[in-house]
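The chains referred to below are lettered A, B, ... by the order of the sequence lines, with proteins before strands, and numbering in each begins at 1.
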There are 2 protein chains.
Amino acid sequence: MKYIEKLRNSGLRPTKQRLQICEVLFNTDKTFHFTINELEQKIKKQANNKISLATVYNTVHAFEKKGYLKQIPINSSETYFDTNVTDHHHFYDLKEEKLIDLENSDVGPINILKKINGKKIKSVEVLVKLED
Amino acid sequence: MKYIEKLRNSGLRPTKQRLQICEVLFNTDKTFHFTINELEQKIKKQANNKISLATVYNTVHAFEKKGYLKQIPINSSETYFDTNVTDHHHFYDLKEEKLIDLENSDVGPINILKKINGKKIKSVEVLVKLED
DNA sequence: TTTGTAGTTTATAATGATTCTAAAAAAGTG
DNA sequence: CACTTTTTTAGAATCATTATAAACTACAAA
Ligand SMILES: [Mn+2]
Ligand SMILES: [Mn+2]
Ligand SMILES: [Zn+2]
Ligand SMILES: [Zn+2]
């Protein structure tokens, strides 16, 4: 298994559940944007066994803390996560409730001129809302 | 009262509660970023009577629907609203959990090059996260 | 004014995503 | 194997938000 090392190196034991979630999340080139419930659905399909909801939450939070996932700020009833942990921009399709990555070249450099005393910029992200 | 007309024109009856919330929200030049609970606190201070939590929710949602308030996408346990309903950008101070408006001139024009078939851009907003 | 009606407020209950709990299971160590 | 630590899990708890339904209010027609 290719994720065993990754987990071990992060101080996470490579359990059956975590490896299975790794497969769902990371075994693709494409960025995966998801809610906890969407992830749960995908796990159910991709395997016969089911992982308890608490474990899905635990794992997603553990992966987020280790830097393998990030939360995307969207006003939705559910929290969105992203397998692309780089600083990047999004389309948000309001009807489909789906996120789509934007390349930095699709947006161009953003130069924040205003400064706040004693504060550093941690991230700069653009959210482009789409309607029909 | 200066808000009676505004409410009537929107098809909202100018009730005591709504007028009081208008005073708190709009009786200032400054943009006001708030959560429902922060608004409730401010109402309590600014007047003797208290408005029920359900009415605060109802009113904020009514004002949002009429275009007097907008929701700001932030991953927080509470939803943030903004009296500045124009398309604009924000600092988000992660420690203080406070939003700060950015002028468009502080960010510069953003040109989204990517297009999605059949979708129109509704808004383009930048969120700049600040840390110490 | 009085009366009728639709709109509004309110306390309270319900909902639903997320977090907590604590016991059982699994992993790591030697 | 024996032992410790971590993880999983079902279910309970939490908490922001929404729904409910009864009382109240704005408003205008009679
Ligand atoms: Mn969804
Ligand atoms: Mn706050
Ligand atoms: Zn993304
Ligand atoms: Zn603002």
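- At whole-Å resolution of the value, CZ in Phe63(B) and C1' in dT8(C) are 12 Å apart.
- Distance CD1 (Ile51(A)) to C1' (dA10(D)): 15 Å, rounded to an integer number of Å.
- Heavy-atom distances to DNA chain D give each of Asn58(B) and Arg8(B) a nearest nucleotide, and the one nearer the 5′ end belongs to Asn58(B).
- Both Ser52(A) and Thr15(B) lie near DNA chain D, and the one whose nearest nucleotide falls closer to the 5' end is Ser52(A).
- Atom CG in Leu19(B) sits about 13 Å away from atom C1' in dT25(D), given to the nearest Å.
- Distances shown here put every side-chain N or O of Tyr57(A) at or beyond 4.0 Å from the OP1 or OP2 atom of dT19(C).
- For the pair Gln71(A) CD and dT19(C) C1', the interatomic distance rounds to 14 Å; values are reported in whole Å.
- Look at Lys120(A) and Asp132(B) and you find no salt bridge, because none of the NZ, NE, NH1 or NH2 atoms lies under 4.0 Å from a carboxylate O.
- Taking a 6.0 Å sphere around NZ of Lys115(B), one finds it holds more than 12 heavy atoms contributed by other residues, nucleotides or ligands.
- For Arg13(A) against dT5(D), a side-chain N or O and a base N or O form a donor-acceptor pair under 3.5 Å.
- OP1 and OP2 of dT18(C) both lie 4.0 Å or more from every side-chain N or O belonging to His61(A).
- In this entry the distance linking CG of Leu53(A) with P of dT14(D) reads 18 Å, nearest Å.
- Put simply, Arg18(B) has a side-chain N or O that comes within less than 4.0 Å of OP1 or OP2 on dT9(C).
- Base contact: Thr55(A) has a heavy atom under 4.0 Å from a base atom.
- Aromatic ring orientation, Phe63(A) versus Phe26(A): tilted (interplanar angle from 30° to 60°).
- Rounding to whole angstrom units, CG of residue Leu7(B) and P of dT25(D) are separated by 18 Å.
- The number of heavy atoms from other shown groups lying within 6.0 Å of NZ (Lys114(A)) is above 12.
- As a whole-Å value, the separation of Gln17(B) CD from dG7(C) P is 17 Å.
- If you take CG of Asn37(B) and C1' of dT18(D), they are 15 Å apart, rounded to a whole angstrom.
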Between Leu102(B) and Val126(B), does a side-chain contact (heavy atoms from CB on, under 4.5 Å) hold up when you go through it step by step?
-> CA-CA 9 Å; Leu102(B) 279 163; Val126(B) 179; 5.6 Å; no

